[in-house]
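This report concerns only the one structure given below.
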Amino acid sequence: GAVVSQHPSWVICKSGTSVKIECRSLDFQATTMFWYRQFPKQSLMLMATSNEGSKATYEQGVEKDKFLINHASLTLSTLTVTSAHPEDSSFYICSATSGTGLDQPQHFGDGTRLSIL
Amino acid sequence: GNSVTQMEGPVTLSEEAFLTINCTYTATGYPSLFWYVQYPGEGLQLLLKATKADDKGSNKGFEATYRKETTSFHLEKGSVQVSDSAVYFCALRYSSASKIIFGSGTRLSIRP
């Protein structure tokens, strides 16, 4: 079945550094990718939607200069958390889809746990 | 607006017990409905889905029926196992290119 690979799975870094998370579709072309954020014991909140070759659409309240999203190819989207601070520590999950029909599923990556010290 | 409300957890059951996790939704039009499962430290896996009224989604012994009249999509399993311990999310979306709206999640723990 379709697989979405997310890398790294866990990252710990110092406050003030930038962290890049990759989301790859391994066996299909992902025309649309989504980035979610999940705080401990809470639900997933959509951060942004990205379509290949165009600028990402951010949800209300998400700082686009803080969370840079690039979807340069049909198999790769990246989320860069710039100048990360402890409050950015969270579980980030991407999903990807190859079509627009109702039956086209969204495939989720395994998530990236980001810890900012 | 569109939203999903599911029963709060945690839910703790003994092995082989019957499980129901309630989910209701508010939406305009006719969304597809989903249940996702998240095991500790992992991402989300699609458990089952239903795309129109009266459809029943099923997988791994779990079932849920799309009830338009009650705007519900309750998750059921006749006999739970320890391996079913996870967080379950009810969700809706309108198309594959649209965002998924998740419920708050229900943590399920099964005692041996």
Side-chain angles (χ1 to χ4, degrees), chain A residues 1-10 21 23 25 28-52 54 56-60 62 71 91-113 115, chain B residues 1-11 21 23 25 27 29-53 55 57 59-60 66 85-109:
Chain A
V3 176
V4 172
S5 172
Q6 205 171 323
H7 178 80
S9 57
W10 199 316
I21 302 169
C23 180
S25 57
F28 67 99
Q29 293 186 325
T31 52
T32 305
M33 286 187 170
F34 304 85
W35 287 96
Y36 295 84
R37 183 174 182 177
Q38 184 182 30
F39 289 106
K41 298 185 179 180
Q42 293 187 28
S43 189
L44 282 76
M45 300 301 296
L46 181 69
M47 299 174 67
T49 303
S50 74
N51 293 297
E52 185 265 339
S54 59
T57 302
Y58 289 81
E59 295 297 298
Q60 192 172 10
V62 178
H71 192 166
F91 193 53
Y92 293 87
I93 303 176
C94 72
S95 72
T97 185
S98 61
T100 57
L102 266 178
D103 287 338
Q104 292 292 332
Q106 282 190 25
H107 304 282
F108 284 82
D110 282 338
T112 297
R113 187 164 304 281
S115 297
Chain B
N2 302 316
S3 65
V4 176
T5 303
Q6 61 183 103
M7 69 187 281
E8 292 187 17
V11 173
I21 300 179
C23 171
Y25 66 92
Y30 304 99
S32 294
L33 302 176
F34 304 83
W35 277 99
Y36 285 88
V37 58
Q38 184 179 34
Y39 297 101
E42 297 183 13
L44 267 68
Q45 299 177 28
L46 177 64
L47 180 59
L48 53 84
K49 69 175 183 180
T51 57
K52 61 183 187 297
D55 267 2
N59 185 26
K60 300 181 181 179
Y66 191 140
S85 298
V87 180
Y88 292 82
F89 293 94
C90 186
L92 68 82
R93 73 164 195 204
Y94 285 95
S95 74
S96 64
S98 69
K99 66 182 180 182
I100 296 176
I101 297 170
F102 289 92
S104 57
T106 302
R107 184 174 300 275
L108 173 66
S109 296

* Where does A/Q38 contact chain B at under 4.5 Å (heavy atoms): side chain, backbone, both or neither? -> side chain

* May I ask you to test the A/Y36-B/I100 pair for a side-chain heavy-atom distance under 4.5 Å? => yes

* Asked: So which part of B/L44 gets closer than 4.5 Å to some heavy atom of chain A, the side chain, the backbone, both or neither?
  -> both

* Asked: Sub-3.5 Å donor-acceptor pair from the side chain of A/S43 to the main-chain atoms of B/G103, do we have one?
  -> yes

* What part of B/F89 is in contact with chain A, defined as an atom under 4.5 angstrom from a non-hydrogen atom: side chain, backbone, both or neither? -> side chain

* Asked: Should we say atom CD of B/E8 is surrounded by more than 12 heavy atoms from elsewhere, each under 6.0 Å from it?
  -> no

* To do: Please indicate whether B/M7 has more than 12 foreign heavy atoms, meaning atoms of other residues, nucleotides or ligands, lying under 6.0 Å from its CE.
  => yes

* Asked: With side chains defined as the heavy atoms from C-beta onward, is the minimum distance between A/F91 and B/Q38 less than 4.5 Å?
  -> yes

* Name the region of A/L44, side chain, backbone, both or neither, that has any atom closer than 4.5 Å to a heavy atom of chain B. => both

* Asked: About how many Å separate OG1 of A/T97 and CZ of B/R93, when rounded to the nearest 0.5 Å?
  -> 6.0 Å

* Under a 4.5 Å cut-off applied to non-hydrogen side-chain atoms, are B/K99 and A/T32 in contact? -> no

